Protein chains: 2
Amino acid sequence: MGKLVQEINKRLRAHGGRMTIQRRLILETLETLTNHPTAEELFALARQRDPALNLSTVYRTLRLLEQEDLVSTRIFNEERRQERFDPAYPSEHHHFMCTACKSVIEFETDSIGQIKMQFERRFDARVETGSIVLYGLCVQCRQEGNPTKPGTGDR
Amino acid sequence: MGKLVQEINKRLRAHGGRMTIQRRLILETLETLTNHPTAEELFALARQRDPALNLSTVYRTLRLLEQEDLVSTRIFNEERRQERFDPAYPSEHHHFMCTACKSVIEFETDSIGQIKMQFERRFDARVETGSIVLYGLCVQCRQEGNPTKPGTGDR
DNA sequence: CTTCGTGCAAACTGTTTGCAGACCT
DNA sequence: AGGTCTGCAAACAGTTTGCACGAAG
């Protein structure tokens, strides 16, 4: 059984919440994904196992996870202006998105620390968080000779 | 007279386009702004000078600028999921957003070059663009004792 | 005069919400 | 039994579009 299911179960009980069939299904589906899915993508997958599942239930479950700091959301520069849901790790991480296949790769770097400090000194500000997003072509898409999109993937 | 107005005028003529009162007003208003406005913000300001102006004209003009690579768009992690329009400079730049007052500061850094290269080597990918977004408190808001938002400004 | 652009209202996309019934404990 | 959660449909926010009139060249 997945960690997410256990974790949410624990927290739900503390507030009188319930672990329903739908929530379990959604959490389990989310755990199988390495990519950062949209609500629709997650919905499409979970629905294969329960055709009666409703999109609003997916959203409600994802917002629940968000409140519990178990996922975070982000809008990449894609054609469709939709949120992608990122299973939250304890450590700050950054993203690469392939402009051809839309897959997301996470990575870490400590350069960001330097950048934050530089900025704080220069503008006398307080920086709390920072995120880097890279856009380009992943190995597979590069090898398949995918063109770099005109406009480099930005909308 | 603003550079944007001149530049767009030139490009419009090349395609048989027209410099209308509304477009001139919108461009002039955009030029007075240092912040990265939303369409609504720009609309509200421009409307002070022409109350008959319509929001869809603002959008159409901004999309025109976007096609001509004179602005780029970006969605920050704010409560409202709205695009902000960034007058495009030739050089790659990055952003800081104050989580209290929503003002945006632009900055440059060459650390991003390192990060791109590291990523390319590590994942055998091709990185085309990269952007850094920092969130925190600007000088003014920090001095006014504004609290760092729970959740650090991320939605 | 002939296009191109505007205002208006309606459509559209992604996400949220009110409600009545279903389900968990 | 009681409150929580779901599915549905309708609302919502931000953005886009079709159309008929108005204005730029």
Side-chain angles (χ1 to χ4, degrees), chain A residues 5 8-27 29 36-44 46-47 49-68 71-85 102 155, chain B residues 5 8-27 29 36-44 46-47 49-68 71-85 102 155:
Chain A
V5 178
I8 284 286
N9 210 344
K10 197 176 72 184
R11 303 199 192 185
L12 282 173
R13 291 185 187 279
H15 299 63
R18 292 165 188 177
M19 176 54 68
T20 62
I21 292 176
Q22 292 91 337
R23 283 180 174 166
R24 175 171 290 110
L25 171 58
I26 292 166
L27 297 176
T29 306
H36 293 21
T38 63
E40 295 252 16
E41 287 167 357
L42 185 55
F43 172 58
R47 200 175 212 188
R49 288 218 269 144
D50 175 6
L53 183 66
N54 193 278
L55 180 56
S56 54
T57 304
V58 174
Y59 273 108
R60 283 189 276 233
T61 303
L62 286 168
R63 295 306 172 204
L64 173 64
L65 286 171
E66 199 179 0
Q67 276 177 243
E68 297 292 328
V71 303
S72 63
T73 72
R74 156 177 311 284
I75 299 179
F76 292 91
N77 281 345
E78 302 178 79
E79 292 250 331
R80 299 178 64 183
R81 234 183 317 270
Q82 56 196 351
E83 290 182 66
R84 288 188 174 271
F85 295 83
K102 309 298 179 194
R155 196 169 6 92
Chain B
V5 178
I8 284 287
N9 210 344
K10 198 176 71 183
R11 302 200 193 184
L12 281 173
R13 290 183 187 281
H15 300 62
R18 293 164 189 179
M19 176 55 68
T20 62
I21 292 176
Q22 292 90 335
R23 282 180 175 167
R24 176 172 289 110
L25 170 57
I26 293 166
L27 297 176
T29 307
H36 292 21
T38 63
E40 295 252 16
E41 287 167 358
L42 185 54
F43 173 57
R47 199 175 212 189
R49 287 219 270 145
D50 175 6
L53 183 66
N54 192 278
L55 180 57
S56 55
T57 304
V58 173
Y59 273 108
R60 282 190 275 234
T61 302
L62 286 169
R63 295 305 171 204
L64 173 64
L65 287 172
E66 199 180 359
Q67 276 176 240
E68 296 293 329
V71 302
S72 64
T73 72
R74 157 176 312 284
I75 299 179
F76 292 91
N77 280 347
E78 300 178 80
E79 292 251 331
R80 298 177 63 182
R81 236 183 316 270
Q82 56 196 351
E83 290 182 68
R84 289 188 173 271
F85 295 84
K102 308 298 178 195
R155 194 168 5 90

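Keep in mind that the numbers below use all heavy atoms, side chains included, and drop hydrogens, waters and symmetry copies. Because the structure is a prediction, the values reported are computed rather than measured. Naming convention: chains lettered A, B, ... in sequence-line order (proteins, then strands); numbering from 1 in each chain.
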Check: A:R81 side chain, B:Q82 main-chain N or O, donor-acceptor pair, under 3.5 Å: no
Closest to the A:R63 side chain, choosing from D:dC5, D:dA13, C:dT15: C:dT15
B:R60 vs A:E40, nearer the 5' end of DNA chain C by closest nucleotide: B:R60
Residue A:S56, side-chain heavy atoms: nucleotide from D:dC8, C:dG14, D:dG25 that is nearest: D:dC8
Integer-rounded Å distance: C:dG7 C1' and B:L25 CG: 15 Å
B:L64 CG to C:dC4 C1', straight-line distance once rounded to whole Å: 12 Å
N/O (side chain, A:Q22) to phosphate O (OP1/OP2, D:dG7) under 4.0 Å: yes
Euclidean distance, atom CG of residue B:L42 to atom P of D:dG14 [Å, nearest integer]: 15 Å
Integer-rounded Å distance: D:dC8 P and A:Y59 OH: 17 Å
Phosphate OP1/OP2 of D:dG7 contacted by A:T57 side-chain N/O (<4.0 Å): yes
Flag, side chain of A:E41 to backbone of A:T38, donor-acceptor distance under 3.5 Å: yes
A:D50 CG - D:dC5 C1' separation (whole Å): 14 Å
B:L55 or A:A52, whichever maps to the more 5' nucleotide of DNA chain D: A:A52
Spacing of B:Q82 atom CD relative to D:dT16 atom C1', expressed in whole Å: 16 Å
Gap between atoms CG and C1', on A:L12 and C:dC23 respectively (whole Å): 15 Å
A:R74 backbone acceptor or donor facing A:R84 side chain under 3.5 Å: no
Heavy-atom closest pair, residues B:A39 and B:L55: O-CD1, 4.1 Å
Given DNA chain D, 5'-ward residue of the pair B:T38 and A:I26, judged by closest heavy atom: A:I26
Whole-Å gap separating P (D:dA13) and CZ (B:F43): 16 Å
Contact under 4.0 Å: A:T20 side-chain N or O vs D:dT6 OP1/OP2: yes
Residue met sooner reading DNA chain C from 5', once B:T61 and B:R18 are mapped to nucleotides: B:R18
Check ion pair A:E83-A:R63 (N to O, under 4.0 angstrom): yes
Short side-chain N/O contact from B:N54 to OP1 or OP2 of C:dT6, under 4.0 Å: no
